[in-house]
S.K.: 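Before I ask anything, let me first share the structure, which is written out below as structure tokens.
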Amino acid sequence: MARPRPLSGFPELLPADRIVELHVLDTLRRTFELWGFAPVETRAVEPLEQLLRKGEIDKEVYLLRRLQAEGEEEGDPARRLGLHFDLTVPFARYVLENAGKLQFPFRRYQIQKVWRGERPQDGRFREFVQADVDVVGAGELPFHHEVELPIVMIEALTALAEVGTPPVRVHVNNRKVAEGFYAGLGLADVAAVLRTVDKLDKVGPDVVAELLRDEAGASRAQAEACLAMARISAPDASFVDRVRALGVEHPLLDAGLVELARVVEATAEHVPGALVADLKIARGLDYYTGTVYETVLLGHEDLGSICSGGRYDALASDGKDTYPGVGLSIGVTRLVSRLVGRRLVAASRPVPTCVLVALTAEEDRAAADCLATGLRRRGIATEVSPSAAKFGRQIRYADRRGIPYVWFPQADGTHQVKDIRSGDQKDADPAAWLPPAEDLRPRVVPVVSSPA
RNA sequence: GUGGGUGUAGCUCAGCUGGUAGAGCACUGGGUUGUGGUCCCAGGUGUCGCGGGUUCAAGUCCCGUCACUCACCCCA
């Protein structure tokens with residue numbers, strides 16, 4: 001059989017990089033729990049009907065099908081299953097299903113794989129991990145959660161800075177601002193305007209103006225006004241006056257400006273410099289109704305957003321009750337792929353092992369196992385040498401894996417342990433010896449980039 | 001789905017207008033008879049992505065196909 005080749009878009013990491021990913025996941029989880037979000041996991045599949053509920057066929061859903069199914073489930077979208085393409089839609093279903101058992105407002109975090117059948121690219125995958133936090137209310141959800149959630153995410157991502165993750169900046173807009181502004185201008189097809197303005201960074205203002213006229217039915221003056229607003233961005237509430245200066249009046253615009261100003265001002269107090277109002281942020285998903293968020297890694301803007309989300313009002317509704325929410329989702333795989341791909345972050349070693357017990361002869365293996373068990377009981381990750389090869393080979397075995405210590409039982413029953421990085425070797429008591437704390441487990445550390 | 005690029009050793013890649021498989025790193029053994037890294041010596045490194053065609057002769061040229069990759073679209 002030919003050697004298997006990687007499947008595009010289904011990333012698999014080597015152990016050293018997986019250690020980085022696990023560190024990221026641990027850090028996110030710790031932060032989310034500090035903020036009182038409860039853990040939830042939903043099944044990987046949803047009825048196709050659920051997944052396509054918002055007409056999101058563009059998500060390229062993977063279908064699940066039994067080999068022996070013989071078409072028995074073919075037609076009915078309520079029985080057909082698809083792999084979820086995000087965690088928001090399954091969570092909305094979960095909330096409806098368990099509404100009677102949950103307390104509202106309900107705060108949850110959820111870290112799982114999702115699947116999208118899109119063309120893979122740098123930072124874009126077909127199987128990837130998202131880490132979501134959402135707050136949903138029953139019937140209503142106070143606005144202040146729209147202020148709280150970006151702070152949670154900034155805290156979580158900032159906690160990763162100590163291992164070398166670049167700083168982040170959250171760009172925020174409010175659907176009410178956009179919709180009110182366009183409506184006040186007299187533009188009816190708000191969705192078309194949003195979609196077009198969203199392309200500003202890619203195609204430039206001239207093309208956007210042209211598209212606004214051609215596809216959104218805007219006049220020259222209306223298109224100019226849209227662009228003027230999209231150009232506004234500020235780290236404080238100064239954007240409000242600049243929007244007002246454009247002379248558009250609408251009640252929804254007023255409401256949106258008040259909310260957006262609150263998000264910016266409150267965040268500036270907690271985590272200064274990490275969030276800006278950016279009135280060109282649109283986001284394609286049409287269920288957003290209030291604040292919308294996108295997040296870039298500074299210096300890695302080409303990667304796209306690593307954490308996005310927004311306020312939604314009608315995503316979860318059983319017809320009788322609705323559960324408005326606000327949520328943000330970190331693209332863990334995208335983030336980690338950049339951290340390890342550009343060597344910004346690395347693990348200190350690719351194995352957990354702290355100590356390798358050397359073996360003088362195969363007859364000594366039982367004694368070595370016994371020694372290793374003692375070390376493990378005291379929390380020291382230990383393996384016994386795979387063979388009683390020459391000590392040079394056993395040391396090399398440890399060296400290749402980054403195992404920092406080799407343990408040598410002596411013929412007289414005493415013990416020595418060698419730090420193979422320094423070469424220091426000294427007597428050690430198996431019942432008492434401890435490595436320095438920084439050697440106990442693999443550490444995840446910033447890579448010091450050497451200028452070329 | 002549309003358009004470009006690339007497929008040669010475990011890895012990174014050379015290989016010219018067709019003429020018999022290459023380098024570095026890694027790996028294995030030895031120099032060093034139980035304490036690694038340096039150095040020296042020796043050695044596997046291979047269906048040249050796959051299939052077909054042209055030719056005396058194809059890694060090289062042509063066609064097809066698959067995979068990977070970049071851009072568009074969209075998004076974490």
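Naming: A, B, ... by sequence-line order, numbering from 1 per chain. Here the structure is a predicted model, which means the values were calculated and not measured.
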S.K.: Just so I know, are the side chains of A:L275 and A:H270 near enough to count as touching, which here means a heavy-atom distance under 4.5 Å?
M.R.: no

S.K.: OP1 or OP2 of B:rA71 less than 4.0 angstrom from a side-chain nitrogen or oxygen of A:Q121, does that happen here?
M.R.: yes

S.K.: Please evaluate residues A:I111 and A:V129 with respect to the criterion side-chain contact (heavy atoms from CB on, under 4.5 Å), reporting the C-alpha separation (whole Å), side-chain torsions for both, the decisive distance (0.1 Å), and the verdict.
M.R.: CA-CA 7 Å; A:I111 302 174; A:V129 174; 3.9 Å; yes

S.K.: For a quick check under 3.5 Å, do A:T42 and A:Q110 share a side-chain donor-acceptor pair by atom type?
M.R.: yes

S.K.: Counting Watson-Crick and G-U wobble pairs with both distances under 3.5 Å, what is the dot-bracket string for RNA chain B, 5' to 3', using [ ] for crossing pairs and | for pairs to another strand?
M.R.: (((((((..((((.....[..))))((((((.......))))).)...(((((..]....))))))))))))....

S.K.: Report all side-chain donor-acceptor pairs from residues 149-170 of chain A shorter than 3.5 Å, counting only partners two or more places apart or in another chain.
M.R.:
from: A:T158; atom 1: OG1; to: A:I154; atom 2: O; distance (Å): 2.5
from: A:T165; atom 1: OG1; to: A:L160; atom 2: O; distance (Å): 3.0

S.K.: What is the nucleic acid contact for A:L303, judged by heavy atoms within less than 4.0 Å: base, sugar-phosphate only, or nothing?
M.R.: nothing

S.K.: Quick one: label A:I420 by what it contacts on the DNA or RNA (base, sugar-phosphate, nothing), any heavy atom closer than 4.0 Å.
M.R.: base

S.K.: Do side-chain atoms of A:R349 reach the backbone of A:D439 as a donor and acceptor pair under 3.5 angstrom?
M.R.: yes

S.K.: Please state how far atom CG in A:L339 lies from atom C1' in B:rA76, giving the value in whole angstrom units.
M.R.: 14 Å

S.K.: Find the distance A:R338:CZ to B:rA76:P and express it as a whole number of Å.
M.R.: 17 Å

S.K.: What is the separation between atom CD1 on A:I395 and atom C1' on B:rG36, rounded to the nearest whole Å?
M.R.: 5 Å

S.K.: Would you sort out whether A:R365 and A:E362 count as a salt bridge (charged side-chain N to carboxylate O under 4.0 Å, His left out), showing the intermediate values?
M.R.: CA-CA 5 Å; A:R365 183 170 293 280; A:E362 202 51 44; 2.4 Å; yes

S.K.: Identify whether NZ of Lys or CZ of Arg in A:R421 sits under 6.0 Å from the centre of the six-membered ring of A:Y405 and within 45° of that ring's axis.
M.R.: yes

S.K.: Could you pick out which residue, A:C307 or A:D399, lies toward the 5' side of RNA chain B when each is mapped onto its nearest nucleotide?
M.R.: A:D399

S.K.: Can you check the distance between B:rA67 and B:rG49, where both ends of the measurement are the C1' atom (answer in whole Å)?
M.R.: 7 Å

S.K.: Within 45 degrees of the ring normal and closer than 6.0 Å to the centroid, is that where the cationic atom of A:R262 sits relative to A:F143?
M.R.: no

S.K.: Suppose you measure atom C1' in B:rC48 against the same atom in B:rA42; what distance do you get, rounded to whole Å?
M.R.: 27 Å

S.K.: Of the nucleotides B:rC70, B:rU28, B:rA76, which one has an atom closest to the side chain of A:D122?
M.R.: B:rC70

S.K.: B:rC68, B:rA76, B:rU28: which one has an atom nearest the side-chain heavy atoms of A:R400?
M.R.: B:rU28

S.K.: Go through B:rU28, B:rU35, B:rC74 for me and flag the one nearest to the A:E118 side chain.
M.R.: B:rC74

S.K.: What integer distance in Å separates A:E60:CD from B:rC72:C1'?
M.R.: 15 Å

S.K.: Expressed in whole Å, how much space separates the C1' atoms belonging to B:rG44 and B:rC63?
M.R.: 36 Å

S.K.: Quick one: label A:L297 by what it contacts on the DNA or RNA (base, sugar-phosphate, nothing), any heavy atom closer than 4.0 Å.
M.R.: nothing

S.K.: Does A:R124 contact B:rA76 through a side-chain donor or acceptor facing the base, at a distance under 3.5 Å?
M.R.: no

S.K.: Quote, to the nearest angstrom, the C1' distance that separates B:rC74 from B:rG15.
M.R.: 41 Å

S.K.: Taking protein heavy atoms under 4.0 Å as touching, what does nucleotides 1-7 of chain B look like 5' to 3' if B marks base contact, S marks sugar-phosphate-only contact and - marks none?
M.R.: BB-----

S.K.: How far does the C1' atom of B:rC66 sit from the matching atom of B:rC50, given to the nearest Å?
M.R.: 7 Å

S.K.: Can you tell me if A:R393 touches the phosphate of B:rG30, counting only side-chain N or O atoms and a distance under 4.0 Å to OP1 or OP2?
M.R.: yes

S.K.: Under 3.5 Å, is there a donor-acceptor pair between the side chain of A:Q410 and the main chain of A:F408?
M.R.: yes

S.K.: Across the strands shown, which category fits A:F125 at heavy-atom distances under 4.0 angstrom: base, sugar-phosphate, nothing?
M.R.: base

S.K.: Using the side-chain heavy atoms of A:S8, tell me which of these nucleotides is nearest: B:rC75, B:rC68, B:rU33.
M.R.: B:rC68

S.K.: In whole Å, what is the span from the OH atom of A:Y405 to the C1' atom of B:rU35?
M.R.: 17 Å

S.K.: Going by distance alone, is a donor N or O of one side chain under 3.5 Å from an acceptor N or O of the other, for A:Y288 and A:N173?
M.R.: no

S.K.: What interatomic distance, in whole Å, is found between P of B:rU47 and the corresponding atom of B:rC11?
M.R.: 12 Å

S.K.: Rounding to a whole Å, what distance do you find between A:Y397:OH and B:rU28:P?
M.R.: 13 Å

S.K.: Going by atom types alone, do A:Y109 and A:E33 pair a side-chain donor with an acceptor below 3.5 Å?
M.R.: yes

S.K.: Would you measure the distance from the P atom in B:rG24 across to the matching atom in B:rC40 and give it in whole Å?
M.R.: 12 Å

S.K.: Classify A:G304 by what it touches in the nucleic acid, base, sugar-phosphate, or nothing, heavy-atom distance under 4.0 Å.
M.R.: nothing

S.K.: Expressed as a whole number of Å, how far does the P atom of B:rU60 sit from that of B:rU8?
M.R.: 13 Å

S.K.: Send over the distance from A:H84 NE2 to B:rC75 P, rounded to a whole Å.
M.R.: 19 Å

S.K.: To the nearest angstrom, how far is A:R396 atom CZ from B:rU38 atom P?
M.R.: 10 Å

S.K.: May I ask you to say whether A:R18 pairs ionically with A:E21, meaning some side-chain N is under 4.0 Å from a carboxylate O?
M.R.: yes

S.K.: Closest nucleotide of RNA chain B for A:A389 versus for A:R334: which of these residues is on the 5' side?
M.R.: A:A389

